Amino acid sequence: MDFKVFDSKWQKKWKKAKMFEANVSKGKKFFITFPYPYVNGPPHVGHGYSAFRTDVYARYKRQQGFNVLFPQGFHATGEPIIGVVKRLNNGDESQIQAMHGYGATEKDIEGFKKDPKNLVHFFIKKWIATLEAAGMSIDWRRKFVTTTLTPTYSRFIEWQYNTLKEKGFVTQGTHPVVWCPKDLSPTGDHDRLIGEGESPVDYVLLKFTYLGYILPAATLRPETIYGVTNMWLNPDTHYVEADVDGERWIISNEAAQKLKDQMKVEIISDFDVKELFGKRCIDPVSNREIPILPSKFVGGDTATGVVMSVPAHAPYDWAALMELMDKDELQLYNTQRTDIEPVSVIEVEGFGELPAVELCEQMGIKDLSDTKKLDEATSLLYKKEFHTGTVKNSGQYTGTKVNESKEKLTLDFIEKGVANVMWEVGEVVCRCNTRCHVKILENQWFLKFSDEEWKKDVRTNLSRMTIYPEEARNNFENTIDWLRDKACARKSGLGTPIPWDREWIVETLSDSTIYMAYYTLARIINEKKVKPEKLTDEVFDFIFTGKGDTKKVAKASKLKLSILRDLRKEFEYFYPVDMRSSGKDLVQNHLTFFMFHHIALFPRAKWPNGISVNGYVNVEGEKMSKSKGNIIPLKSLLEQHGADMVRINMVGSSQGIDDADWREESVKAYRNRYDTLFQLSTDWKKAKKTKMENIDLFMQGKLQKIIESTTKSMESMMFRDAVQSALFEATSDLKWYLRRTGNLKNANKKVIKEYTGVIVKLLTPFTPHVCEEMWSNLGNKKMISGWPKWDSTRLSNEAELGEDMLKKTLNDIEDLQRIVKMKPKKIILFIAEDWKFRVYQKVLRNKDQNMNTITKEIMSSGAYGKATVSFIQSLYKKLNELKPVMTKSMQLILLKEAKEFLQRETNTKIEIIDADKTTNQKAKVASPNKFGIFME
RNA sequence: GCGAGGGUAGCCAAGUCUGGUCAAAGGCGCAGGGCUUAGGACCCUGUCGGUUAGUCCGUUCGGCGGUUCGAAUCCGCCCCCUCGCACCA
């Protein structure tokens, strides 16, 4: 059966019936969203997963009777769209090819080049068409695009930032970023040719002085300053004298260039450092005289090109000194061996006084030639000292832990004016092939996420929120703790300017934190064509917080009073967000910001109620990636398999935070099950039986069980479990039932119809199209509505056992068939002891001698029955909490079935006995933990 | 480095919170059988080793220890894997 033929048929009917349009009403609402996609391409399977999960939940809630709002907008701010347009304009062949791949014509592309808007709208069209074809139950009247493409939305962002600033949540400050001097913009990880993962590191510059000059020694270990023996400069490096914040610094030329982006730097002249060798500079902390020596290991491209030497703790320094000593060059520089004797300033476990010296010896390092070993030694020692070392011989800092002292020392020294900070980054090369360095951005705008009060409220709200799966909660808590101030503005890309400082644009993560509130307004704004200028801050204040007088606000803004009232009504009714469903990658950023901003901007009652997080999508077990070429467009899957099979294959494949997997192969498995169901939906009339027998009652009880477990799984978005029980388990039951009754004709009509109908309803959120079709096949005139409720009174004793029951019954039927073949003289069906026998056997297996002895005694006493059981029970009280596996009455029902069956198939004598009461020892011994069959 | 999540039979994956119905669900693969002109689909059976008609015994849940009458599950240490660490959507 090819189910895709039903897709458009039902989609049209839904549309006609306005099934997904949510309006203010008296009913209970449920507001669900998933993050709006960035529209620089069409949707692929990865998008599909989050989208389908959201839709499944939306449909489920709708069936439950909620007035579900499920809107959808699109995201277009920031750099990528501009990047695409730029590449198109540059004639980038692969980009043009990609666009053709997405179905863009030459004419389309010409349009994109002229205006990025055209590109955005092109993809939005694709998105909407694909989502509709996928059967998404979205209220499209509320769509919009960020930010400047929808000026009213841009106005909304302005209100957001004005309000945040007013409340003190936006502050200004400086911030180091990795910077491309050619592009004149920050170079994020994804913009890099080399150096992914490199981030700015703060070197401490200790200002050694020499005759009015400053030699700013760059170090990551300022706590070792008391162990400095000499200063290193590279005789082959180009140094300059520069005016840095009013001081005369001697630094490498490269350093001077870089520092221009961090301090006020003016290069005065070249400086020949050779004249310094052998001279003494002054240690700014303890005023010691420190000889200046040459060494080529000092890189001019790392920090200042001025390095202090701590031979006791730095392998490089010791190796450099060894080189000088080997070549007997020390005296050339007016320096004695005793002047540079290593000074130990860190006590560390596992090493003696001079760890670097020891380590060099151990690793056979004799000079600077073996940089690999030196690097290894350096990193090893640095880690060891940082984590376990204690400072010594260092004046007031003696006795403090290295990892604690570092920060303190730095602050102290800066305060005293003897130190500065210089930001440096490892090798980073921009996409434009330019080497990057660190720039301090001045006057950057920040969201003050570090604010403890703010965090407190966020934590409080988190604790009352629904989080699916529960494991994700840890992640949120941790993110909240760890979050620092976040730069929320950029100088380039698309977006809304910061209203009070228009040279900055609100950065794209920061303009997407409360847009769900805009959905509640979007319908009216779109339909009434509300002008952006009428949406003043006062209007938004009124809508979102109720502040101000309706009439005055309307008058001042020139917004129609009725519209203003309706906007407020929509927001009041639909807000807050009840469930936001998203990929796990957004936990550390978007989803957490979403919470922060809501807490800052809205009244408590409007704070988010729930978040659900899902994993990524793999394709055939592999990660999706451009390079593997395994990114599957959603559209092609829909065309191939139809919406329903795609939906259930994705949503049913995984749950929780685990990654989903798109496996073509498993579509088959689903299709088979649906074939069975579909067949029944048309053939149910062939069932003729009307008498309710045990097996029919059992099926009804079993159905209640399925409703219960499916509903519970659905509620917490455990969709794989839900599919497992509503589809696989249920169809297995049906097949089993039909096998037991012999054929469809012998099946109970009522049971078949009820069972099929309920299963169809349970599966509707996953496969809405084919379910509607089956529902109508079952003779229903109206479309599906309502969610089945389970009736616990119908959960007969048997069904309490759930799946075990079925399995065991089935096994017994197989056994029975075997028995029939063996042609026994007599068959005894017996009821066994219940679970306690299992426990009893476990005890027997126990290796513990004492227990073994005890139980053996019990055994030999012949007390098989209740006495034994109660003895064990009293011994292990815990066991009392356990539920019986299968009660005798349940067994009896099954055995009666078995008896009937056997009587049909054979003419052997059959009796049912209770193993607990029987005098038949053989049966007793044979029986212990399974009810069943015994023959003679 | 900091933080989060994991490691279960050939593979995927439940079970872990709340220890005993766990030799451990389910699926895939594989083997045998049924059905079929054949293939596919479907239905049975088996799938840690050894044994029984039904059973029982032995050895398993990353590694090593511990708690317990009893550990895949609780505790400690160790090893390994995946992901995130920001101005980027």
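Per chain, numbering begins at 1; letters A, B, ... match sequence-line order. The structure displayed is predicted, hence computed values, not measured ones.
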Inset, instruction - In whole angstrom, give the distance that lies between atom CG of A/Asp585 and atom P of B/A89. - result: 14 Å
Inset, instruction - Just compare B/G3, B/C87, B/A86 and give me whichever is closest to any side-chain atom of A/Asn478. - result: B/G3
Legend entry - Straight-line distance of A/Trp423 CH2 to A/Lys439 NZ, nearest 0.5 Å: 15.5 Å
Legend entry - Side-chain H-bond candidate by donor/acceptor type, A/Asn614 with A/Ser50, under 3.5 Å: yes
Inset, instruction - Return the 5'-most residue of the pair A/Thr187, A/Arg673 with respect to RNA chain B, ranking by each residue's nearest nucleotide. - result: A/Arg673
Inset, instruction - Can you tell me the pairing partner of B/A71 across any strand shown, Watson-Crick or G-U wobble, with both distances under 3.5 angstrom? - result: none
Inset, instruction - Examine distances only and state if a side-chain atom of A/Asp659 and a backbone atom of A/Gly615 form a donor-acceptor pair shorter than 3.5 Å. - result: no
Legend entry - Base-pairing assignment for B/U55 (Watson-Crick or G-U wobble, both under 3.5 Å): none
Inset, instruction - Give the rounded distance in Å between these two atoms: CD of A/Gln724 and P of B/A14. - result: 11 Å
Inset, instruction - With RNA chain B as reference, determine whether A/Thr77 or A/Tyr616 sits nearer its 5' end, using the nearest nucleotide of each. - result: A/Tyr616
Legend entry - Distance-only donor-acceptor check, side chains A/Asp501 and A/Trp445, under 3.5 Å: yes
Inset, instruction - Using the C1' atoms only, state how far B/U47 lies from B/U60, rounded to an integer number of Å. - result: 16 Å
Legend entry - Watson-Crick/G-U partner (both atom distances under 3.5 Å) of B/U36: none
Inset, instruction - Could you let me know what B/U47 is paired to, Watson-Crick or G-U wobble, both distances under 3.5 Å, or none if it's on its own? - result: B/G29
Inset, instruction - Measure the distance from CZ on A/Phe728 to P on B/G27 and round it to the nearest whole Å. - result: 9 Å
Inset, instruction - Let me know the distance between CG of A/Leu591 and C1' of B/C85, rounded to the nearest Å. - result: 16 Å
Legend entry - Spacing of the P atoms in B/C57 and B/A23 (rounded, Å): 11 Å
Legend entry - Nearest to side-chain heavy atoms of A/Lys486, which nucleotide of B/A89, B/C87, B/G84: B/C87
Inset, instruction - To the nearest Å, give me how far apart OH (A/Tyr670) and C1' (B/A41) are. - result: 19 Å
Legend entry - P atoms of B/G26 and B/C74, separation to the nearest Å: 24 Å
Inset, instruction - Please check if any side-chain donor atom of A/Glu79 sits under 3.5 Å from a side-chain acceptor atom of A/Ser492, or the reverse. - result: yes
Inset, instruction - For the side chain of A/Asn474, starting at C-beta, report the closest nucleotide among B/C87, B/G84, B/G5. - result: B/G5
Inset, instruction - Could you measure between the two P atoms, the one in B/C61 and the one in B/A25, and give it in whole Å? - result: 16 Å
Inset, instruction - State whether the distance check finds a donor on one side and an acceptor on the other, under 3.5 Å, for side chain A/Asp721 versus base B/A14. - result: no
Inset, instruction - With heavy atoms under 4.0 Å as the rule, sort A/Gln444 into base, sugar-phosphate or nothing. - result: nothing
Inset, instruction - Could you work out the separation of B/C56 and B/U52 based on their C1' atoms and round it to a whole Å? - result: 7 Å
Inset, instruction - For nucleotides B/A72 and B/C2, find the distance between their P atoms and express it as a whole number of Å. - result: 32 Å
Inset, instruction - Could you verify whether a donor N or O on one side chain and an acceptor N or O on the other, from A/Thr731 and A/Thr676, lie under 3.5 Å apart? - result: no
Inset, instruction - Mind calculating the distance between CZ (A/Phe476) and P (B/C83) to the nearest angstrom? - result: 20 Å
Legend entry - Pairwise P distance for B/A24 and B/U18, with rounding to whole Å: 25 Å
Inset, instruction - Look through every strand shown and name the nucleotide pairing with B/G3 as Watson-Crick or G-U wobble, where both distances are under 3.5 Å. - result: B/C83
Inset, instruction - Compare side-chain N and O positions of A/Arg720 against OP1 and OP2 of B/A13 and report whether any pair is under 4.0 Å apart. - result: no
Inset, instruction - Could you state the atom-to-atom distance from CG of A/Leu727 to C1' of B/G27 in whole Å? - result: 13 Å
Legend entry - Mate of B/C77 where both pairing distances stay under 3.5 Å, Watson-Crick or G-U: B/G63
Inset, instruction - Tell me whether the OP1 or OP2 atom of B/G84 has a side-chain N or O from A/Asn475 closer than 4.0 Å. - result: no
Inset, instruction - Check whether more than 12 heavy atoms from other residues, nucleotides or ligands sit under 6.0 Å from atom NZ of A/Lys584, and answer yes or no. - result: yes
Inset, instruction - Answer with base, sugar-phosphate or nothing: what part of the nucleic acid does A/His175 contact at a heavy-atom distance below 4.0 Å? - result: base
Legend entry - Pairwise P distance, B/G20 and B/G39 [rounded to whole Å]: 46 Å
Legend entry - Rounded interatomic separation in angstrom, taking CG from A/Leu586 and C1' from B/A86: 13 Å
Legend entry - Minimum-distance nucleotide (side-chain atoms of A/Leu483 versus B/G84, B/A89, B/A86): B/A86
